[in-house]
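Heavy-atom basis, side chains included; hydrogens, waters and symmetry copies ignored. It should be emphasised that the depicted structure is a prediction, and the values quoted were computed from it without experimental measurement. Residue numbering restarts at 1 for every chain, and letters A, B, ... go by the order of the sequence lines.
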2 protein chains.
Amino acid sequence: MRTTINDIARLTGTSPTAVSFVLNGKDHKRVHPAKRQAILDAIEKYGYRRNMAAKGLTMRRAFRIGICVAGRLDQTRVLAAAGHYGLVSQAAARLHESGYGIALLQLDLALPLPEACRRLVREDVDGFLFINFPVMALDRLLFSMAERRIPAISVGAAVEGAHSWVAIDHERSFELGCIHLLDAGLRRLVMLDTDASRVSSEAKRRGYERAMRARGLEPLPTVASVASGARGACDAARAALETVPDVEGILLTDNGHAAVVQMALSGRALRLMGFGDDGPARECDPPISWMSLPVHSVADAAVDHLLRWIDAPEPPPPLQRRFDCALIAPGA
Amino acid sequence: MRTTINDIARLTGTSPTAVSFVLNGKDHKRVHPAKRQAILDAIEKYGYRRNMAAKGLTMRRAFRIGICVAGRLDQTRVLAAAGHYGLVSQAAARLHESGYGIALLQLDLALPLPEACRRLVREDVDGFLFINFPVMALDRLLFSMAERRIPAISVGAAVEGAHSWVAIDHERSFELGCIHLLDAGLRRLVMLDTDASRVSSEAKRRGYERAMRARGLEPLPTVASVASGARGACDAARAALETVPDVEGILLTDNGHAAVVQMALSGRALRLMGFGDDGPARECDPPISWMSLPVHSVADAAVDHLLRWIDAPEPPPPLQRRFDCALIAPGA
DNA sequence: ATGAAAGCGCTAACAC
DNA sequence: GTGTTAGCGCTTTCAT
């Protein structure tokens, strides 16, 4: 039988009330310093651990947040460009710092909505973070949660309506990367789309075109990989050289195959600009510049809003915000 | 206020006992079929959901298992060859099927043991799965859990002592892959070590050498990549060609850069045998054979044992088992 | 400043 | 076959 709050009270000649207050740091002008110390000592001595189920029962709170991913955590290669693991990891870390537990839920998108909702609800958590869910699924999911008054936020994907979400501004970020090369004096810039998921390719193309046009340059045709994987990326890189023989710089939509593209292009004096996860970008030799996914900011913003929401008496106005990537220039 | 078991009892003119029994499917010869149906209907009609905190309080169980990873979930590139995400994902899926919730915990290995234990204990779960933890940390961690009578298993890493673990037999699996090429009539086989973590390189080399010697062949020197990443793998592949000009087959210790190695070797008529995650292996063109990580078997075995352990009155004898990789031969 | 006591929702032993 | 009841460990109001 585990030590309980009553045991500690008896052992120290105090009451469960006092112990509870000490435990929760609410002993401002309540518990006498001497008693307080005695209680603290007993807690340490007997290795007391508070029973979270009992606390949850009383407080009507689980002190746990559900981190929900679409499908399975290991079948997410296509989302590499979205910093999937980084978002999950950072959100979990931030929640932990705030004293919350993390319930991991892999939600099968093939499930009908009612069944999906049932699974969400069964998790019994105080709120949900939907990481990189397809926009299609989000509206109904978030709506269902709102209906049940369960705070929920989309992380990584922007969604229409009165929902809360935090996402990466792919368009603006890609534009910034492009501007960086333009500022370096390059003019013949080609966008190389090697992202197997193509989820944000359109946004990136808009960013690219805006940057080019702002300098009075006509955008060049985008070259997209046909096959997936390293070979597809290589072929696309070579195709880019054929399509635009005098190319001066190449903008990658996805760092996934940056090192491979670099190798395929070696010998050519052109500048590479990456986009996405830092890991693969760092493998490049010589180093390249890249637009780094703001996973930290995105996850933190989502978590902070969610926790405020949970604590608030009324649902706060929805959080809807896009973050820019940061330019990483190892040479600088 | 959420509907409770008492509400359902009152609404159906029965007792909380009856509702509880129906809820838990223990109404064999207990609840009258008519009442049973009425209860079921009311549950559906009023959208009753059982309060897991209350259940947990009564049953002294959390119905939740902690999935614990070393460091952060997104800083695990080195563990690609260990099928890290696959193990996490499959364990989570299996637990979910068994009605358990998943508490995700990223344990910082830099933490001193007492603090690490405190964090583990705070999770309040019924048991732990330590996924791909470094062997160094495992003994003390598992021991601490045993001391506190919390069931815990190492998944992916074998550990000395009386602990439970399930792992991949890298040595035997690599031997099997090697035998496959030998059976195909190849003789000049070289092992190419492109695994940045080198965690299981030694075991693989033993498997390779055993297979070679069993055929009366002298093992050839292993070629290891110097730099990390795609470029390192490429360089290593070319080095292999120089070291053993008449090489007939190359055994990769890690599928991570299989496609890249294949490209670097294109033009040479030699056979490639991969090892590790299926994802990168499938990107190869033409397709290669590879030894596929038994993440499914490993995770399932661990979960099943853990759940039995939790339900058992006495701790069962430790589970210690290695699984072989399966040969995937797309051409067949 | 302090403790007694009333639940929170559920399970299971017990009496009918 | 059925309902009553006593907790499980904690928080918090209320009276002191």
Side-chain angles (χ1 to χ4, degrees), chain A residues 1-40 42-43 46-64 99 101 121-126 311, chain B residues 1-40 42-43 46-64 99 101 121-122 124-126 311 313:
Chain A
M1 189 62 62
R2 255 168 56 177
T3 320
T4 76
I5 204 176
N6 295 297
D7 297 332
I8 299 294
R10 195 162 12 82
L11 257 16
T12 56
T14 61
S15 71
T17 310
V19 180
S20 175
F21 273 61
V22 170
L23 233 31
N24 296 310
K26 293 180 178 173
D27 52 330
H28 299 292
K29 288 278 154 294
R30 185 69 163 78
V31 182
H32 191 90
K35 297 213 161 195
R36 183 193 137 82
Q37 194 53 54
I39 289 171
L40 252 20
I43 285 175
Y46 296 97
Y48 166 78
R49 307 186 279 121
R50 74 139 74 51
N51 183 324
M52 289 307 281
K55 176 166 183 165
L57 182 58
T58 313
M59 311 262 293
R60 290 92 179 286
R61 284 268 211 102
F63 300 102
R64 206 178 309 116
V121 158
R122 283 192 56 224
E123 283 301 305
D124 102 320
V125 294
D126 299 327
D311 285 328
Chain B
M1 190 61 62
R2 254 168 58 176
T3 319
T4 76
I5 204 176
N6 295 298
D7 297 331
I8 299 295
R10 196 164 10 83
L11 257 14
T12 56
T14 60
S15 71
T17 309
V19 180
S20 176
F21 274 59
V22 169
L23 232 32
N24 296 311
K26 293 180 179 174
D27 51 330
H28 300 291
K29 287 277 153 296
R30 185 69 162 81
V31 182
H32 191 89
K35 298 212 160 194
R36 183 192 138 81
Q37 194 53 52
I39 289 170
L40 252 20
I43 286 175
Y46 295 97
Y48 165 79
R49 306 187 281 119
R50 75 139 73 52
N51 182 325
M52 288 307 283
K55 176 167 183 163
L57 182 57
T58 313
M59 311 263 292
R60 289 90 180 281
R61 285 269 211 100
F63 301 101
R64 205 177 310 114
V121 157
R122 283 191 57 223
D124 104 319
V125 294
D126 299 326
D311 285 328

Student: Please state whether the phosphate of C:dC8, meaning OP1 or OP2, lies under 4.0 angstrom from any side-chain nitrogen or oxygen of A:R61.
Tutor: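 Result: no.
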Student: Does C:dA12 have OP1 or OP2 under 4.0 Å away from a side-chain N or O of B:K55?
Tutor: no
Student: Mind checking what makes side chain to side chain donor-acceptor pair (under 3.5 Å) contact with A:K35, not counting sequence neighbours?
Tutor: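 Residues passing side chain to side chain donor-acceptor pair (under 3.5 Å) with A:K35: none at all.
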Student: Rounded off to whole Å, could you give me the CD1-to-P distance for the A:I43 and D:dC10 pair?
Tutor: 10 Å
Student: Kindly state which residues belonging to residues 6-24 of chain B come within less than 4.0 angstrom of DNA chain D, counting heavy atoms of the residue only, listed by number.
Tutor: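 Here the set is B:G13, B:T14, B:S15, B:T17.
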Student: Taking side chain to side chain donor-acceptor pair (under 3.5 Å) as the test, write out the residues that go with A:T17, two or more places apart.
Tutor: none
Student: Indicate yes or no: at least one non-hydrogen side-chain atom of B:N24 is less than 4.5 angstrom from one of B:R50.
Tutor: yes
Student: Does D:dT12 have OP1 or OP2 under 4.0 Å away from a side-chain N or O of A:K26?
Tutor: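 Affirmative; the distance criterion is met.
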Student: Once you round it to whole Å, what is the distance between P of C:dT11 and CE of B:M59?
Tutor: 7 Å
Student: Expressed as a whole number of angstroms, how long is the span from A:H32:NE2 to C:dG3:P?
Tutor: 12 Å
Student: Categorize A:R50 for me: base, sugar-phosphate, or nothing, with a 4.0 angstrom heavy-atom threshold over every strand shown.
Tutor: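 A:R50: backbone/sugar contact only, no base atoms under 4.0 Å.
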Student: Considering residues at least two apart in sequence or located in another chain, which fulfil the side-chain contact (heavy atoms from CB on, under 4.5 Å) criterion with A:L11?
Tutor: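 For A:L11 the side-chain contact (heavy atoms from CB on, under 4.5 Å) partners, ignoring immediate neighbours, are A:Y46.
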Student: Just the rounded figure in Å: distance from P of C:dC10 to CZ of B:R60.
Tutor: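 Rounded to the whole Å, the gap is 18 Å.
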Student: Taking side chain to side chain donor-acceptor pair (under 3.5 Å) as the definition, give me every residue that meets it alongside A:D311, ordered by chain and number, with sequence neighbours left out.
Tutor: A:R61
Student: What residues, two or more places apart in sequence or in another chain, satisfy side chain to side chain donor-acceptor pair (under 3.5 Å) together with B:T58?
Tutor: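 B:T58 satisfies side chain to side chain donor-acceptor pair (under 3.5 Å) with no other residue.
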